[in-house]
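Take a look at the structure below.
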Amino acid sequence: MIITQFQQITCHFAAQKLFNSIKGEVAEGQRLGLVGRNGEGKTTLLAVLSGELKPTEGAVTWKRGSTVGRLAQSPEEPAHAVTHELLRSVFKKLADKQEALEKLEARMAAASPDDLESLLGKYGSLQEEFMREGGYEIEARIDQVLNGLKISSLKQKEWGMLSGGERTKVGLAKLLLQEPDLLLLDEPTNHLDLASIEWLAGFINHYKGAVLIVSHDRYFLDETVKEVWELDQGELVTYKGNYSAFVKEREKRLLNEFQQYQDQQKKIRKMRETISRLKEWANRANPPNAGMHRRAKSMEKALSRIEVMERPVLKKKQMVLGFEAGDRSGTDVIRLQGVWKLFGDKVLFSEVSMQVRWGERVAVVGPNGAGKSTLLGLLLGREMADEGEIRLGSRLSIGYLSQHAFEMDSGRSIIEEFREAVPVAESDARHLLAKFLFFGSMVFQPVRTLSGGERMRLRLAQLMHQNHNLLILDEPTNHLDLEAKEVMEEALAEYPGTIVAVSHDRYFLDKLFNVTYWLEDETLERFEGSYTEARRKRSAGREKTGVKD
């Protein structure tokens, strides 16, 4: 049964039209992925479906009584609201029934024998209803979501004390507990560690309602969706299957459309040539041939009625990436021996060792809060070890990509920020920035006005032209759309130097990295192979020792 339909939806922002009379529908239990390049309007479409934004044209209709919930990018709650109470507020109707049961219990304790039987009947009916709706499982359900998202430690914290990432996770927990008929998730894996992402995929797969997901996490989409909507140049195109199936089908569709376009262009050229010949022959005749003129006129009318196809865009403008390594470093690039790191009384890791050799691709994974970014800080010299030895190899030139690229606003323009790191002439800088999709006057735009993806592109532009032989990357795929991720992965695959990266993107980890360090429970363990291989080896080892994941 259809939950919601939208017809002829058009949205304008200033002079820009995001959608061009798009339509679609969502059925009960459907699993949908929504993809498209940054700026195509994915978040806007979710806002329209949630009722937060009214379209310029068109309408959204709903099955009577249906509910919708959307994960906000920056959820807002009262500053003094405690996480546990925020989550319990989802169950207000059940809480009211629980209060009613408690009042009946008090009345029964003081009731006369004549009134007791009537009260017992009311109590029994209400208790059965309360039980059927899961009233006795509220705390268990709250704990399940808190544990799954790895935020149990936030249970008694006030909203005003939470970081932006923690607020997003609590907002996600609240939404999952609400269980709306249609769940709208905009980048739900942001701020989640790998274990939480895998838990969320399982939760969605068992979710009773319909789910529409915007995500740049390819594995997550593969695991959760059965149909993909693509927003492309104002149009909404539907594909059956998960993300991997979408990639194949989209390529087939574009090639087919391009063949149809070429066939139509060939037909139009032939018709024009025939019309030209008919007119020429008619005019040569003496007297002019009226019949040929009529045939030419008839063919011109037929030509004017043809709906000319637009030329399909097989390859859109993409970033042009190509990292180069400078002089080769020594064979031993990084060596940690017996390293300890503490924050106050908390031990982040103890007695850890790490070795990275020239040309290795090393991933560092583990739960949030384990100390992955701190470990990178030690390698960069921005953090000091409490104990142990850290050695960096000879002839190293280190390029660092932070997940918070340009978080501190310098007040500079894009081109000024670029030339601060890459000293080239303005004309050369503009040419290089164009390869990263910063065109024309955009290069004079202040860095503070850029989106997360644009800031990441600017930082990549700097790194690419600094010829480092060691790249240290902290969540490098954050904020990048799917096409930009693929361009980055291709460039890094050809990079001849050494890479050390922290990431929660399982596709990225599996594609590029042949060594995985797992940081958890104060220890750092090395595994040969990709993240998926490391996870399998680690699970097998823990099973042998009787440790549960």
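All figures in this text were calculated on a predicted structure; none of them were measured in a lab.
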Might you point out which heavy atoms bring [X] and [Y] nearest each other, and give the distance in Å?
X: Thr516; Y: Val365; result: CG2-CG2, 3.8 Å
X: Leu473; Y: Ile499; result: CD1-CG2, 3.9 Å
X: Leu175; Y: Leu184; result: CD2-O, 4.1 Å
X: Thr224; Y: Asn205; result: CA-OD1, 3.6 Å
X: Gln355; Y: Arg526; result: O-NH1, 2.9 Å
X: Leu524; Y: Met354; result: CD2-CB, 4.0 Å

Is [X] salt-bridged to [Y], going by a charged N under 4.0 Å from an acidic O?
X: Glu77; Y: Lys174; result: yes
X: Glu227; Y: Arg31; result: no
X: Lys155; Y: Asp143; result: yes

Find the distance between [atom1] ([X]) and [atom2] ([Y]) and round it off to the nearest 0.5 Å.
X: Glu520; Y: Thr523; atom1: CD; atom2: OG1; answer: 7.5 Å
X: Thr44; Y: Glu52; atom1: OG1; atom2: CD; answer: 11.0 Å
X: Glu454; Y: Leu480; atom1: CD; atom2: CG; answer: 11.0 Å
X: Lys42; Y: Ile213; atom1: NZ; atom2: CD1; answer: 14.0 Å
X: Gln337; Y: Arg335; atom1: CD; atom2: CZ; answer: 7.0 Å
X: Thr449; Y: Arg455; atom1: OG1; atom2: CZ; answer: 8.0 Å

Taking the side chain from [X] and the backbone from [Y], do they hold a donor-acceptor pair closer than 3.5 Å?
X: Glu533; Y: Ser530; value: yes
X: Ser50; Y: Ala47; value: yes
X: Arg457; Y: Ala484; value: no
X: Gln259; Y: Asn256; value: no
X: Thr189; Y: Leu192; value: no
X: Asp193; Y: Gly366; value: no
X: Ser503; Y: Leu509; value: no
X: Asn242; Y: Leu221; value: no
X: Arg430; Y: Phe439; value: no
X: Glu417; Y: Ile414; value: no

Between His504 and Lys372, is the side-chain contact (heavy atoms from CB on, under 4.5 Å) condition met? List the steps. CA-CA 11 Å; His504 291 150; Lys372 302 184 296 297; 3.7 Å; yes

Would you indicate whether the side-chain heavy atoms of [Y] and [X] approach each other to under 4.5 Å?
X: Arg382; Y: Tyr400; answer: yes
X: Asp217; Y: Arg506; answer: yes
X: Leu176; Y: Leu183; answer: yes
X: Asp474; Y: Val502; answer: yes
X: Asp521; Y: Phe349; answer: no
X: Leu172; Y: Leu185; answer: yes
X: Met488; Y: Leu460; answer: yes
X: Leu471; Y: Thr498; answer: no

Going by atom types only, do [X] and [Y] share a side-chain donor-acceptor pair under 3.5 Å?
X: Asn514; Y: Glu360; result: no
X: Gln462; Y: Arg459; result: yes
X: Asn469; Y: Ser397; result: no
X: Tyr239; Y: Arg253; result: yes

Ring centroid separation for Phe527 and Tyr517, is it under 6.0 angstrom?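 Between Phe527 and Tyr517, the centre distance exceeds or equals 6.0 Å.
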
Looking at the rings of Phe220 and Trp199, which for Trp means the six-membered one, are their centres under 6.0 Å apart?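 No: the rings miss the under 6.0 Å criterion.
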
Give me the ring orientation class for Tyr531 and Trp518: parallel if the planes are under 30° apart, tilted from 30 to 60°, perpendicular past 60°. parallel

For Tyr507, does the six-membered ring have the charged nitrogen or CZ of Lys511 within the cation-pi criterion, i.e. under 6.0 angstrom from the centroid and within 45° of the normal?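 The answer is no, since Lys511 fails at least one limit relative to Tyr507.
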
Before you tell me yes or no, could you show the steps for Asn368 and Lys150 under side-chain contact (heavy atoms from CB on, under 4.5 Å), namely the whole-Å CA-CA distance, both residues' side-chain angles and the distance that decides it to 0.1 Å? CA-CA 8 Å; Asn368 287 344; Lys150 301 288 191 292; over 6 Å; no

Run the side-chain contact (heavy atoms from CB on, under 4.5 Å) test on Leu236 and Phe6 for me, step by step, so that the C-alpha distance in whole Å, both residues' side-chain angles and the decisive distance to 0.1 Å come before the verdict. CA-CA 12 Å; Leu236 186 67; Phe6 52 98; 3.8 Å; yes

Full working for side-chain contact (heavy atoms from CB on, under 4.5 Å) between Ile334 and Val500: CA-CA 10 Å; Ile334 296 167; Val500 177; 4.0 Å; yes

